[in-house]
Amino acid sequence: QLQLQESGPGLVKPSETLSLTCSVSGGSITSMSSYWGWIRQPPGKGLEWIGSIYSSGSTYYSPSLKSRVTISIDTSKDQFSLTLTSVTAADTALYFCAKLSGGFYSHFDNWGQGTQVTVSS
Amino acid sequence: ENVLTQFPGTLSLSPGERATLSCRASQSVSSTYLAWYQQKPGQAPRLVIYGASSRAIGIPDRFSGSGSGTDFTLSISRLEPEDFAVYFCQQYGSSPRTFGQGTRLEIK
């Protein structure tokens, strides 16, 4: 059974860089030929797509975050990562990693449990 | 971007009743690329419906989705206690993919 697990610091200082990793188990990122993504949910609010990456490394970002976001993939470790620079309190959120069911234009069919990130000095 | 508006914001119903949740898009959703997710407190979202009307694996048949273009509906025919949660719609037919703000389905 495919499982995704987010990891990373729970507290980041303003203006610094947020870095999270999603570890995939129960399957190989390369063999699944899927897209993978990051989504976040600020406290008490809805969901926001951050970006997606294919196993080849092709990336797609939300225009609102594009200038600060980098998503990368390490197929040898079955992991993909999120980097968000120059964070502010507005970046405080529950961050999820997820797998898309097929191509880029597909729904998320498998989610991690999420990891809380708080931006505060 | 394609903005999704869900209504009502909160729906209060009793177990056994029928729930109807709506999602309206600011632009037509390509190829009915619309999904519904269920989220319970402290949990990740769970896929309920994709392609506007296809049930995800393991979702009971009391859940159904319909709609096309800009108007979509999630219906739950007979509410069970485990169905009370927040439901989000999401369009994935254009980038950026966007989510609605959610409908909270609560026990009356």
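Being a predicted model, the structure only gives us computed values, none of them experimental. Here is how names work: the chains are called A, B, and so on, in the same order as the sequence lines, proteins then strands, and each is numbered from 1.
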For this session: Would you mind reporting whether I39(A) and Q90(B) have side-chain heavy atoms less than 4.5 Å apart?
Result: no
Problem set entry | Most chain A-contacting option - heavy-atom pairs closer than 4.5 Å, from S95(B), G102(B), A56(B) | S95(B)
Exercise. Which one, G51(B), A35(B), P45(B), leads in non-hydrogen pairs under 4.5 Å with chain A?
Worked result: P45(B)
Seminar exercise, completed: By residue number, those in residues 75-87 of chain A with heavy atoms under 4.5 Å from heavy atoms of chain B are none
For this session: With the side chain counted from C-beta on, respond yes when F99(B) and Q41(A) share a heavy-atom pair under 4.5 Å apart, and no when they do not.
Result: no
Exercise. Within a reach of under 6.0 Å around CZ of R68(A), are more than 12 heavy atoms found that belong to other residues, nucleotides or ligands?
Worked result: yes
Problem set entry | chain A contact via Q39(B) - which portion, at a heavy-atom distance below 4.5 Å | side chain
Exercise. How many angstroms lie between OH in Y92(B) and OG in S101(A), if you round to the nearest 0.5 Å?
Worked result: 6.5 Å
Problem set entry | Linked, directly or transitively: I53(A) and V69(A) (ILVMFWY side chains, under 4.5 Å) | yes
Exercise. Would L94(A) end up clustered with Y37(B) when hydrophobic side chains under 4.5 Å apart are linked, directly or stepwise?
Worked result: yes
Exercise. Mind checking whether Y54(A) and I73(A) sit in one hydrophobic cluster, side chains of I, L, V, M, F, W, Y counted as touching below 4.5 Å?
Worked result: no
For this session: Name, in order of residue number, those residues of residues 15-29 of chain A that have a heavy atom at a distance of less than 4.5 Å from a heavy atom in chain B; otherwise write 'none'.
Result: none
For this session: Kindly check if the number of other-residue, nucleotide or ligand heavy atoms within 6.0 Å of OH (Y60(A)) is above 12?
Result: yes
Exercise. Does L2(A) belong to the same Ile/Leu/Val/Met/Phe/Trp/Tyr cluster as W38(A), with side-chain heavy atoms less than 4.5 Å apart forming each link?
Worked result: yes
Exercise. Crowded around R24(B) CZ? As in, over 12 foreign heavy atoms under 6.0 Å?
Worked result: no
Exercise. When only heavy atoms count and the cut-off is under 4.5 Å, which of residues 4-13 of chain A reach chain B?
Worked result: none
Exercise. Would a hydrophobic clustering, with Ile, Leu, Val, Met, Phe, Trp and Tyr connected at side-chain separations under 4.5 Å, put W36(A) with L47(A)?
Worked result: no
Problem set entry | Reported OG-to-CD distance for the pair S64(A) and E1(B), which is rounded to 0.5 angstrom | 7.0 Å
Seminar exercise, completed: Under 4.5 Å to a heavy atom of chain A? For S94(B) that would be backbone
Exercise. Counting a contact as any heavy-atom pair under 4.5 Å apart, which residues of residues 102-121 of chain A contact chain B?
Worked result: F104(A), Y105(A), S106(A), H107(A), F108(A), D109(A), W111(A), G112(A), Q113(A)
